[in-house]
Q: 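Questions regarding the structure given below will be posed in turn.
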Amino acid sequence: MPGDHVELVADSGGRIAAFVDAVARFPNEPAWALVGGFAVNVRIERVHRLTNDIDTISRDQTQLVELLVAEPDAERLDAAKLRFTAGGLPVDIDVMADTEGLPLPVELGERVFALARRAVLPRACLTELVVLDGGTTVARATVPVASTAGLVLLKTVAIPRRSASNNPQKVGSDIHDLARLVGGQDLAALAAEIRDTGDELSSWIGSTLVKWFSPDHDLRYTYARLRRLSRSPDTDSLIESDLEVLALLGELVLAEQ
């Protein structure tokens, strides 16, 4: 809900504080929201794995990138990616378009990716981020952050896309993020939020979660992928039943279709 407050413990390298300092520099308009691995850390209120960059999504990708690259220390890396260098620790930022108002692709994988991005901004929550180092505040920002449901949509859509791409190792971090996002959640409430995105997207999300994480389907293979591909020490505490919860979520989404 609006007005969330999240405190994160600083890492020794200062990356978390640098990330929060970076998003504090974003304009209010065009509409945007924090997504990706760092947003997962915010939603679970702890840094379960360090991410390499900041992922965002915007109603006007081009305008947001242009405003950000106008910063004195900004460097454009490509059409939708830039780098801030202030403070001595470079921070890379990716900006995705939310696809609102654009024609939907015909190909199913691209279509659900577009639908998932479109669902994020209306569900994002304004969140105060505070980074603490030994009880001292070292960074602070109030920014829109994707909801847990929005992040589940994006992470679920990403898994089959990445498994067939040139970066299959990222599948491990997506599985890891999903397990941490959903663990301990009210699954019925989360399933209801996912269903609210519409039958086409929610049916695909539910079916994909069941396929990848049900013991009757690919759970054992998915767990093996997680162990092989995820490089975070936090992965070691995950067991197969932690992933099976994702299949239960998928079943709940499909039960009301």
Q: Does the distance from a Lys or Arg side-chain N to an Asp or Glu carboxylate O, for Glu29 and Arg59, drop under 4.0 Å?
A: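 No salt bridge links Glu29 with Arg59.
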Q: Among the clusters formed by ILVMFWY side chains lying less than 4.5 Å apart, do Leu89 and Phe19 turn up in the same one?
A: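 No, it is not one cluster - the side chains of Leu89 and Phe19 are not joined through contacts under 4.5 Å.
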Q: Does some side-chain heavy atom of Val157 sit less than 4.5 Å from a side-chain heavy atom of Trp204?
A: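 With C-beta onward as the side chain, the pair touches.
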Q: Would you say Arg118 and Thr197 are linked by a side-chain donor-acceptor pair, where the criterion is simply a distance under 3.5 Å?
A: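 Result is no, nothing qualifies.
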Q: Got a salt bridge between Lys155 and Asp174, using NZ or NE/NH1/NH2 to carboxylate O under 4.0 Å?
A: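 So Lys155 pairs with Asp174 through a salt bridge.
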Q: Should Pro215 and Glu244 count as side-chain neighbours, where that means a heavy-atom distance under 4.5 Å?
A: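 Result yes, sub-4.5 Å side-chain heavy-atom pair found.
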Q: Could you please spell out the steps behind the side chain to side chain contact (heavy atoms under 4.5 Å, CB included) verdict for Glu66 and Leu82?
A: CA-CA 10 Å; Glu66 291 302 324; Leu82 63 135; over 6 Å; no
Q: State yes or no: do Val120 and Phe26 share one hydrophobic cluster built from I, L, V, M, F, W and Y residues joined by side-chain heavy-atom distances below 4.5 Å, directly or via other members?
A: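 Different clusters.
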Q: With clusters defined by side-chain heavy atoms of hydrophobic residues (ILVMFWY) lying less than 4.5 Å apart, directly or transitively, does Leu178 cluster with Tyr223?
A: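 Same cluster.
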Q: Output yes when Arg46 and Asp234 qualify as a salt bridge under the 4.0 Å nitrogen-oxygen rule, no when they do not.
A: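 A salt bridge is present here (some side-chain N lies under 4.0 Å from a carboxylate O).
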Q: Taking everything shown except Asp73 itself, do over 12 heavy atoms lie less than 6.0 Å from its CG?
A: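 Yes.
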Q: Taking all non-hydrogen atoms of both residues into account, name the closest pair between Thr99 and Ala114 and its distance.
A: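 Distance-wise, the nearest heavy atoms are OG1-O, 2.9 Å.
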Q: Using a strict 4.0 Å threshold on nitrogen-to-oxygen distance, state whether Asp196 and Arg123 make a salt bridge.
A: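 No, this pair does not count.
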Q: Charged N to carboxylate O below 4.0 Å: is that the case for Arg227 and Glu240?
A: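 Salt bridge: no.
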Q: What heavy-atom pair brings Ala39 and Leu34 nearest, and what distance separates the two atoms?
A: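 Minimum heavy-atom separation between Ala39 and Leu34: CB-O, 3.6 Å.
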Q: Can you find a pair of side-chain heavy atoms, one from Thr127 and one from Val143, that are under 4.5 Å apart?
A: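 With C-beta onward as the side chain, the pair stays apart.
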Q: Just by distance, do the side chain of Thr137 and the backbone of Ala139 share a donor-acceptor pair under 3.5 Å?
A: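 No; judged by distance alone, with no hydrogens or angles, the pair does not exist.
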Q: If you group Ile, Leu, Val, Met, Phe, Trp and Tyr by side-chain heavy-atom gaps below 4.5 Å, do Val130 and Phe38 land in one group?
A: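 Unlinked, Val130 and Phe38 end up in two clusters.
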Q: Tell me, please, whether Phe113 has Arg117 positioned over its six-membered ring: NZ or CZ under 6.0 Å from the ring centre and within 45 degrees of its axis?
A: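 That pair qualifies as a cation-pi contact.
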Q: Counting only heavy atoms not in Arg228 (residues, nucleotides, ligands), do more than 12 fall under 6.0 Å from its CZ?
A: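 Yes - once you tally the heavy atoms of other residues, nucleotides and ligands closer than 6.0 Å, there are more than 12.
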Q: Could you tell me whether Asn28 atom CG has more than 12 heavy atoms of other residues or ligands within 6.0 Å of it?
A: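 Not buried by this count: 12 neighbours or fewer within 6.0 Å.
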Q: So, Arg43 and Asp177, do they make that salt bridge, N to O below 4.0 Å?
A: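 So Arg43 does not pair with Asp177 through a salt bridge.
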Q: Answer yes when Arg161 and Glu110 have at least one side-chain N-carboxylate O distance shorter than 4.0 Å, and no when they do not.
A: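 Yes.
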Q: Between Ala22 and Ile54, which heavy-atom pair has the shortest distance, and what is it?
A: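 Ala22 and Ile54 have their closest heavy atoms at CB-CD1, 3.9 Å.
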Q: Flag the pair Asp53 and Arg15 as a salt bridge only when some basic side-chain nitrogen lies within less than 4.0 angstrom of an acidic carboxylate oxygen.
A: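 So Asp53 does not pair with Arg15 through a salt bridge.
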Q: Do Met96 and Leu68 belong to the same hydrophobic cluster, where Ile, Leu, Val, Met, Phe, Trp and Tyr are linked whenever their side-chain heavy atoms lie under 4.5 Å apart, directly or via other members?
A: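 No.
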Q: So Ile93 and Arg83, side chain to side chain contact (heavy atoms under 4.5 Å, CB included) or not? Walk me through it.
A: CA-CA 6 Å; Ile93 299 164; Arg83 176 177 294 156; over 6 Å; no
Q: Carefully, step by step, assess Thr56 and Asp94 under the rule side chain to side chain contact (heavy atoms under 4.5 Å, CB included).
A: CA-CA 6 Å; Thr56 64; Asp94 280 303; 5.9 Å; no
Q: Is a side-chain donor or acceptor of Glu107 paired with a backbone partner of Gly109 at a separation under 3.5 angstrom?
A: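 Flag set: sc Glu107 to bb Gly109 pair under 3.5 Å.
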